[in-house]
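Scope of the values below: all heavy atoms of this structure, side chains included, with no hydrogens, waters or symmetry mates.
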Amino acid sequence: MAKKLALVFGGTRGIGAACVQALAENGFDVAYTYISRAPDAAQAPGARAYRADVAVPAEVAQAFADAQRDFGAPQIVNSGVLVA
């Protein structure tokens with residue numbers, strides 16, 4: 001059975017990073033975004049970073065397309081706020 005995918009916008013710091021970690025710990029593959037600097041390494045096993053500025057619709061669309069290409073369709077989309 002394939003893992004579910006969560007897509008977290010703003011997943012490199014603070015609450016967003018905590019969301020990435022919590023989702024990964026709970027069995028999700030996690031695609032997450034950054035704006036200015038790529039993370040040195042994945043924050044959690046099964047996590048992958050993509051560059052996207054949420055103020056630019058084309059970059060948001062590209063993040064969805066890239067995550068779907070690499071993992072499949074996301075089941076959760078998150079903007080740095082932890083969902084239960």
Side-chain angles (χ1 to χ4, degrees):
M1 181 172 150
K3 288 184 176 182
K4 291 183 178 180
L5 172 65
L7 176 55
V8 178
F9 286 88
T12 59
R13 301 182 296 162
I15 293 171
C19 290
V20 170
Q21 188 66 38
L23 288 161
E25 288 173 359
N26 284 284
F28 284 84
D29 283 326
V30 184
Y32 64 98
T33 66
Y34 64 92
I35 292 178
S36 60
R37 198 181 91 185
D40 293 332
Q43 291 181 223
R48 184 164 181 177
Y50 302 90
R51 171 140 182 5
D53 182 340
V54 297
V56 181
E59 291 184 17
V60 172
Q62 189 63 54
F64 272 95
D66 291 343
Q68 185 165 0
R69 175 198 67 220
D70 294 339
F71 294 103
Q75 283 74 39
I76 292 178
V77 177
N78 183 284
S79 60
V81 178
L82 189 57
V83 292

### Message
Apply side-chain contact (heavy atoms from CB on, under 4.5 Å) to residues Arg51 and Ile35 and explain how you reach the verdict.
### Response
CA-CA 6 Å; Arg51 171 140 182 5; Ile35 292 178; 4.2 Å; yes
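- Atoms CD and CG, on Glu59 and Asp66 in that order, are 11.0 Å from each other to the nearest 0.5 Å.
- Closest heavy-atom contact between Thr33 and Ala63: CG2-CB, 4.2 Å.
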### Task
Go through Leu7 and Phe71 one step at a time and tell me if the side-chain contact (heavy atoms from CB on, under 4.5 Å) criterion holds.
CA-CA 10 Å; Leu7 176 55; Phe71 294 103; over 6 Å; no
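- Put simply, Val8 and Tyr34 are part of two different groups of oily side chains (I, L, V, M, F, W, Y) that touch within less than 4.5 Å, one to the next.
- Val60 and Phe9 get closest at one heavy-atom pair: CG1-CZ, 3.9 Å.
- Between Phe64 atom CZ and Tyr50 atom OH the span is 12.5 Å, to the nearest 0.5 Å.
- Nearest heavy-atom pair across Leu23 and Ala6 is CD1-CB, 3.6 Å.
- Across Gly11 and Tyr32, no two heavy atoms sit closer than the pair O-CD1, 3.6 Å.
- Every residue meeting the salt bridge (Lys or Arg N to Asp or Glu O under 4.0 Å) condition with Asp70, not counting sequence neighbours, appears here in chain and number order: Arg48.
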